[in-house]
Amino acid sequence: MAIKITRPQGTEDITPKNIYKWHTVERLARETAETFGFQEMRIPTFEQTDLFLRSVGETTDVVQKEMYTVKACETEFTLRPEGTAGTIRSMIQNGLLNDALPQKAYYILSCFRHERPQAGRLREFHQFGVEMAGSAGPESDADIIVLAKAILDRVGLKNIVLHLNSIGCPSCRKDYHEALIAYFTPHRETLCETCQTRLEKNPMRLLDCKSPICSEIAKDAPLITDYLCTDCQTHFTKLQEYLKIMNIDFMVDPKIVRGLDYYTKTVFEFISSDIGAQATVCAGGRYDGLIAELGGKPMPAMGFALGLERLVMTMENQDCEFEKPKPCDLFLAPMEPDAIILTMQLASALRKIGYKVEYDLMHRSLKAQMKYANKIGATFVMVIGENELQTKQANLKNMETGEEIPMQLDKNFIEKFDDLAIQYMFQDVVDDMEKELK
């Protein structure tokens, strides 16, 4: 009996019938980021574990519960749980931070976290992210947030709310940590085991706990916005002014702390009401101490990440438009063994100039070939049988209108087909425009 092998729990297959949705999102995100001056970077799927311990933080859920770590030749490696740490490591190692600043990079990558799988939250998931290093001012925060909003607007999302907060700097967080310890200590025995260990080491992590009991206790905890130093408060106020100037609506949400330790000052989330509990489609913030922590010269930085699964899910729920998959331009139906060579030659010539061409590889009957041509959405079909080979002429059938156009099977065929295809595509554009005007 054959062993049934299925994909690992918490992963998903993106099949050909759905990949066009991902292509839509990735293309629009790339193009938008590049208009802001960002360039693509690609980094390894796994890194030395110490990279994430130093950046993400030893007291975070990611490090304590979710990382996929293996030991090889006395060295521990971890599948990346997020993209920022590896990108900053690469910027430092490759000397990018010695070039003109700010350095701007974007990436599309898969990440891995051992979480309980649910809608919009997988163990292998994908992110589009951007990182900008070198600029400390609130205008750079605004630029990053405007970029995130531009991508969400371009893919057509609606009902997305920007939640904004400042979690201060190490200086003002000291007093805030003391206030949190004083607040949570009377509840120590009620807190989950993980939060009990975090209380002294990193009390802000208690605000991010997913336990219902801890969340209930945390709802009345002191707010970081009441403890901001003058510099952090000025930065946060200026950022809000810039966002208003750029017509970006937002709400200040003091409960946002983000789940990773490297964040400082600005943090933000774009939240949707259309995907249930996992409502954040984009999140990010500033991490001014990360570059120095990873061995680079002290330098401010910030960025964001878009969860692609959640983004596609939200777009589907809101009936956003996706790019249509490119249909087959021409299906060739050879009816004689001698027609195969000509069929292959015509297909090869048309493919070289960019047309999507298929021909029968299953030795089907003519009826079955026409059925297959319909199934793949072929724009044109041309049957090549004994008569067509003898007369050097075949009919090119427009599958939408049924019109049949005589075509000479000679050296001018490619040029004539190109002309007809262009006319057909142009007419489609005109028809679409007329529909919109009506």
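Side chains are part of it too, since the values below use all heavy atoms of this structure and drop only hydrogens, waters and symmetry mates. Position 1 is the first residue of the sequence; numbering continues from there.
Side-chain contact check for V130 versus Y107: every heavy-atom pair is 4.5 Å or farther apart. Considering only heavy atoms from C-beta on, P300 comes within 4.5 Å of R286 through its side chain. When side chains are defined from C-beta on, L228 does not count as touching K265, because their heavy atoms never get closer than 4.5 Å. Residues F331 and M382 form no side-chain contact, since every pair of their non-hydrogen atoms from C-beta on lies 4.5 Å or further apart.
There is no side-chain donor-acceptor pair under 3.5 Å between T266 and S166.
The side-chain contact (heavy atoms from CB on, under 4.5 Å) test applied to H163 returns V161, M251, D253, I256, I271, not counting sequence neighbours. In terms of the ring pair (Phe, Tyr, Trp, His ring centres under 6.0 Å) criterion, F250 has no residue partners (sequence neighbours excluded). Residues satisfying the salt bridge (charged side-chain N to carboxylate O under 4.0 Å, His left out) test with E241, not counting sequence neighbours, are K238. In this structure, E358 has no salt bridge (charged side-chain N to carboxylate O under 4.0 Å, His left out) partners at least two apart in sequence or on a different chain. Listed by chain and number, the residues in a ring pair (Phe, Tyr, Trp, His ring centres under 6.0 Å) with F128 are Y106 (sequence neighbours excluded). Under the salt bridge (charged side-chain N to carboxylate O under 4.0 Å, His left out) criterion, D13 pairs with R7, sequence neighbours left out. A search for side chain to side chain donor-acceptor pair (under 3.5 Å) contacts involving T234 returns nothing, not counting sequence neighbours. Contacts of N374 classified as side chain to side chain donor-acceptor pair (under 3.5 Å), with partners at least two apart in sequence or in another chain: none.
Each side chain to side chain donor-acceptor pair (under 3.5 Å) pair with one or both residues in residues 345-357, not counting sequence neighbours, appears once here: Y355-D418. For residues 28-47, the set of pairs meeting the ring pair (Phe, Tyr, Trp, His ring centres under 6.0 Å) definition, not counting sequence neighbours, comprises F46-F77. Every pair passing ring pair (Phe, Tyr, Trp, His ring centres under 6.0 Å) that includes a residue from residues 179-234 is listed here, sequence neighbours excluded: Y176-Y227, Y183-H187.
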Using atom types as modelled, flag every donor-acceptor pair under 3.5 Å from a side chain in residues 142-154 to any protein atom, sequence neighbours excluded.
{"unit_1": "K149", "atom_1": "NZ", "unit_2": "D153", "atom_2": "OD1", "d": "3.0"}
{"unit_1": "K149", "atom_1": "NZ", "unit_2": "D153", "atom_2": "OD2", "d": "3.0"}
{"unit_1": "R154", "atom_1": "NH1", "unit_2": "E31", "atom_2": "OE1", "d": "3.3"}
{"unit_1": "R154", "atom_1": "NH1", "unit_2": "T32", "atom_2": "OG1", "d": "3.3"}
{"unit_1": "R154", "atom_1": "NH2", "unit_2": "E31", "atom_2": "OE1", "d": "2.8"}

Check: Does the salt bridge (Lys or Arg N to Asp or Glu O under 4.0 Å) test come out yes or no for E178 and R173, once each step is laid out?
Finding: CA-CA 9 Å; E178 291 176 359; R173 279 216 295 259; over 6 Å; no
Next item on the list: Could you check K375 against K371 for side-chain contact (heavy atoms from CB on, under 4.5 Å), going step by step and ending with a plain yes or no?
Entry: CA-CA 6 Å; K375 192 169 185 178; K371 185 177 180 180; 5.9 Å; no
Next item on the list: Go through the steps to decide whether M41 and L96 satisfy the test side-chain contact (heavy atoms from CB on, under 4.5 Å), and finish with yes or no.
Entry: CA-CA 11 Å; M41 175 178 283; L96 273 64; 3.5 Å; yes
Check: Which is it for E316 and K21 under the salt bridge (Lys or Arg N to Asp or Glu O under 4.0 Å) test, yes or no, and what are the steps along the way?
Finding: CA-CA 9 Å; E316 290 172 336; K21 298 177 181 178; 2.8 Å; yes
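None of I14, V281, L122 except one satisfies the side chain to side chain contact (heavy atoms under 4.5 Å, CB included) rule with E309; the exception is L122.
For D226, the CG atom sits in a packed shell: over 12 heavy atoms of surrounding residues, nucleotides or ligands are nearer than 6.0 Å.
The two residues R113 and P81 make their nearest non-hydrogen contact at NE-O, 2.8 Å.
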